[in-house]
Amino acid sequence: MDTGLGTSKKIFVGGLPQNCSEQVLSNYFCQYGTIVDSVVMKDRETGNSRGFGFITYDSTDAVDMVMRQYEDHKIEQKWVEVKRAVAREDMPAGGDGGGPSKGAGKGKGRDRGSPPRGDRGRGGGGGDRGGGDR
């Protein structure tokens, strides 16, 4: 949990209720300052909420106030997590990133329980390949 003062005017809000609209999100967070933009992220195919969104304020002071009350944020009786939003270009290198340019999800995690390809079906014993007398 990052509650220190920051330079971002944007917050990430996670754990939103299933049918939370941008209006509901804005209505809750407007108590902390003037909102410039709000968005609830939606699945492209279904249009359903992905359970998180962003609020952009006109000042960093509003974000600081939101972060000071980290434990208290509830929307429709559900606690939501808030974090300072970090611009993609400011993200530390080596993280997953999750963006399409990172190749996320392509082949990762496949065959985790299987041996590497070169070792499949080789067993490690048997056969008469040059074992010779011992």
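Under the side chain to side chain contact (heavy atoms under 4.5 Å, CB included) criterion, N19 pairs with no residue, sequence neighbours left out. Taking N27 as the reference, Q23 meet the side-chain hydrogen bond (donor to acceptor under 3.5 Å, both in side chains) condition, with sequence neighbours excluded. Not counting sequence neighbours, the partners of D58 by the side chain to side chain contact (heavy atoms under 4.5 Å, CB included) test are T34, V36. Every residue two or more places apart in sequence or in another chain that forms a side-chain hydrogen bond (donor to acceptor under 3.5 Å, both in side chains) with Q69 is listed here: Y32. Under the side-chain hydrogen bond (donor to acceptor under 3.5 Å, both in side chains) criterion, S26 pairs with S38, sequence neighbours left out. With sequence neighbours excluded, the residues forming a side-chain hydrogen bond (donor to acceptor under 3.5 Å, both in side chains) with E81 are Y70, listed by chain and number.
Residues Y28 and I11 fall within the same hydrophobic cluster, defined by Ile, Leu, Val, Met, Phe, Trp and Tyr side chains chained together at heavy-atom separations under 4.5 Å. M65 and V63 fall within the same hydrophobic cluster, defined by Ile, Leu, Val, Met, Phe, Trp and Tyr side-chain heavy atoms under 4.5 Å apart, directly or through other members. In terms of hydrophobic clustering, with Ile, Leu, Val, Met, Phe, Trp and Tyr side chains grouped at heavy-atom distances under 4.5 Å, F12 and I35 are assigned to different clusters.
Shown are D37, I55, T56; of these, the side-chain contact (heavy atoms from CB on, under 4.5 Å) with K10 is made only by T56.
K78 NZ: more than 12 foreign heavy atoms inside a 6.0 Å radius.
Distance alone, capped at 3.5 Å, places no donor-acceptor pair between the S49 side chain and the C20 backbone.
Note: K9 NZ to D64 CG = 12.0 Å, rounded to the nearest 0.5 Å. Between Q18 atom CD and E76 atom CD the span is 11.0 Å, to the nearest 0.5 Å.
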